[in-house]
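Remarks on the structure that follows.
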Amino acid sequence: MEARKVLPRKDGRVIIHFDYDCFYAAVFEAKNPSLKGLPFAVQQKHIIVTCNYEARRRGLHKLQLINEARRTCPDVIIELGEDISKFRDASKELYNFIKQYSWNGRIERLGFDEVWMDVTDIVDYNLETINRHDLDHSFFYTSRDDLTEGFDFDATIHAGHTYPKDAVSNLSEDGTLNEKDLRLKLGSHFAMFVRHQLEQHKGYSSTVGIATNKLLSKLVGNLKKPKGQTTLRPIDSIDSNSSSVIDFMDAHEIGKVPGIGFKLAQKLRELVLQRATDRDPGYSGIKEHVTVSQVRIHPDIDCDKLEKLLGGPGSPHGIGYTVWCLLHGIDDSEVSQARSVPRQISIEDSYIRLDTMPELLKELNVLARSLLKRMRIDLLCDTDDFGGSSDDTAGDDNHASKSSLAGKRWLAHPKTLRLTTRPRMPMQVDGTRMRTMKRISHSCPLPNFVFGLHESVDALAEKLVRESLLSMFRKLHPEKSWWNLSLVNLAVTNMAEAAGESRTANGRNIGNMFKRQEDVLKDYRVTEADDAVPSNAVVDGVYDTTRENVVVGPMPENKDEDSGWIEDDSIGAATDYCHTCGSSVPPFAMIAHQRFHSPALR
DNA sequence: CAGGGTTAAT
DNA sequence: ATTAACC
């Protein structure tokens, strides 16, 4: 390994990061706009998960206890947000909306309320056509195909705010630096435009950051929190003695840097504060505010030392180098391509107390049902009807509410089923409870019967619990050990995409093209500018979307994996029911089943 | 370190 | 197959 000098940041890209403002609250407000002026919060279990800005003005904040919130603001309106399906739906809708403005498909979601977009290609295209002698009367092309689509803008300035606040605007005259700056200016105007479309057509406001990589774009957006946008201009002095990026990163608390989570942050703090962050007898609430600069300045900080400190069993290789890069604002990770199917589907719930078999079985059934429903929503698509639409006209086939399943096929088959629990730690002698959030999990092949569309979700869920989940649970919590769960999570992972899979066409397996449903955008006309929008950036555009969305990616290599899932040979017709847990158990297995219960009951 | 997740990298 | 990290 070489002693690296300043390996330069790559500033060749333009990345936009969107963050929808108080998203959960905004979803409720979109449906019920009268909430907007009122203090409004969304509750999950006993906490406020988010609240709108009116509520924040009155002293509420995220992750606040309900009681405390009501005391602080008796007028607050609270809605329950434990069922997250509407948030998921809204998130997908907004994501798909933004995606229409992407040319290269590099658009990535993080959680429900954040999206990155790599607009390098769009910026470069516009850079080629822009008139450098009349920058303040520029036109931004938002479509390659239709040159009437776009908006007027002033390319001499950034849209919105910038990080070096009012940086030396035209400091460098030598092409390269200005070119960098110009690219980000274009990016900022495009960001303003998309953000504006979002607000006009979907009713959601967002906060955005524009920079040359994912890390910086996300962080810089935070500077103007509600409804703002900020561009980070990478300005390095010629002698490398000063850098806006370094300055920007330096001020951050170490744990605020994306990619440095709880554990890494703790280790870095220990390094800087020498060995005493937590559990320091004598001190309880020390200020453990360690900044990026403190770590970066620290003598023991180079890639190798960091690797020794942070690397270990279970950590990714090269973590030291990665962290070193993050501290310096370097992040070469790509904005990932939009995917047509998720990598994983999981659902979970948490419990105050879950320590008996009947309760567990009930909860497993509930979770399994939701999981199967979600699989049918996210993984099932209409089988291609060739032009002549299949009876989707008036004739609702026999009342069938399940009619929708008729012509459906699976876009992907998850191959793995995973059960995760978070055991509640037993009480200690002093009555305290070792706080541990650790999860444990067990996985197994997902039985193929779950893909059957003729059986009801309820029936399939029961079968899944009986034939897979119970034995998995037993491996996580072996007999003899008493358990009390604070969380149960069920997931299907390891998606095998079924691209050209054709079981029906014997022998004939023509590579089938499938076109994604195209979102049909009506023509839009924008008339209003956002607060932060400079008046000259008012956009006036007409859009049409004939976006081809070809699914690229590895061919499915569909290994067998279909054809005859062998039933668990020990499962016969279940005729008896367990008196303890109520599950149906084949007679020959009842003895073992009972044994399963008894030691657990102490 | 709350709650209901998702993703990436072992 | 399991965990860390992120929202």
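The figures here come from the full heavy-atom set of this structure, side chains too, leaving out hydrogens, waters and symmetry mates. In what follows, every chain begins at residue 1, and chains take the letters A, B, ... in the order their sequences are listed.
Val257(A) comes within contact range of the sugar-phosphate backbone alone, with a heavy-atom separation under 4.0 Å but no base atom that close. As judged by a 4.0 angstrom heavy-atom cut-off over every strand, Glu348(A) is placed among the base-contacting residues. Using a 4.0 Å heavy-atom criterion, one finds that Ile440(A) contacts the sugar-phosphate atoms exclusively. Heavy atoms of Leu487(A) sit nowhere under 4.0 angstrom from any nucleic acid atom. Counting any heavy atom pair closer than 4.0 Å across all strands shown, Ile47(A) reaches sugar-phosphate atoms only and no base atom. Within 4.0 Å of Asp349(A), counting heavy atoms only, lie sugar-phosphate atoms of the nucleic acid but no base atom.
Atom CG of Leu264(A) is separated from atom C1' of dA5(C) by 9 Å (rounded to the nearest Å). As rounded to whole Å, 11 Å separates atom P of dG4(B) from atom CD1 of Ile352(A). Asp113(A) has its CG atom 13 Å from the C1' atom of dG4(B), to the nearest Å. Going from atom CG of Asn494(A) over to atom P of dA8(B) covers 13 Å, rounded to whole Å. Here the C1' atom of nucleotide dC1(B) and the NE2 atom of His61(A) are 14 Å apart, to the nearest Å. For Arg422(A) and dG5(B), the CZ to C1' distance is 12 Å, given to the nearest whole Å.
At a cut-off of 3.5 Å, with distance as the only test, no side-chain donor of Asp89(A) or Ser91(A) sits close to an acceptor on the other residue. Remark: the Thr420(A) side chain and the Arg439(A) side chain contain no N/O donor-acceptor pair separated by less than 3.5 Å. Defined by atom type and a distance below 3.5 Å, a donor-acceptor pair is present between the side-chain atoms of Asn96(A) and Lys99(A).
Between Ser346(A) and dT6(B) there is a side-chain N or O to OP1 or OP2 distance below 4.0 Å. Phosphate contact (OP1/OP2 of dG5(B), side-chain N/O of Arg418(A), threshold under 4.0 Å): absent. The side chain of Thr416(A) places no N or O atom within less than 4.0 Å of a non-bridging phosphate oxygen (OP1 or OP2) of dA1(C). In terms of phosphate contacts, Arg439(A) brings no side-chain nitrogen or oxygen within less than 4.0 Å of OP1 or OP2 of dT2(C).
For Leu485(A), the side-chain contact (heavy atoms from CB on, under 4.5 Å) partners two or more places apart in sequence, or in a different chain, are Leu354(A), Leu360(A), Thr421(A), Phe473(A), His477(A), Trp483(A), Val488(A). With sequence neighbours excluded, no residue satisfies side-chain hydrogen bond (donor to acceptor under 3.5 Å, both in side chains) with Asn213(A). Residues satisfying the side-chain contact (heavy atoms from CB on, under 4.5 Å) test with Leu80(A), not counting sequence neighbours, are Gln43(A), Glu82(A). When the ring-ring contact (aromatic ring centres under 6.0 Å, His included) test is applied to His328(A), the partners found at least two apart in sequence or on another chain are Trp324(A). Taking the side-chain hydrogen bond (donor to acceptor under 3.5 Å, both in side chains) definition, one finds that Thr231(A) meets it with nothing, sequence neighbours left out.
Among residues at least two apart or in separate chains, there is no ring-ring contact (aromatic ring centres under 6.0 Å, His included) pair with a member in residues 211-231 of chain A. Among pairs with a residue in residues 59-75 of chain A, those fulfilling salt bridge (Lys or Arg N to Asp or Glu O under 4.0 Å) read Arg58(A)-Asp75(A), at least two apart in sequence or across chains.
In terms of position along DNA chain B, the nucleotide closest to Tyr351(A) lies nearer the 5' end than the nucleotide closest to the other residue of the pair Pro342(A) and Tyr351(A).
Taking a 4.0 Å limit (strictly below) on heavy-atom distances, residues 204-221 of chain A does not reach DNA chain B anywhere. For DNA chain B, the residues of residues 77-85 of chain A within the heavy-atom distance limit of 4.0 Å (strictly under) are Glu82(A), Ile84(A), sorted by number.
Ranking dT7(B), dG3(B), dA5(C) by closeness to the Lys45(A) side chain, first place goes to dG3(B). Closest contact between the side chain of His442(A) and the listed nucleotides dT2(C), dT6(B), dC7(C) involves dT2(C).
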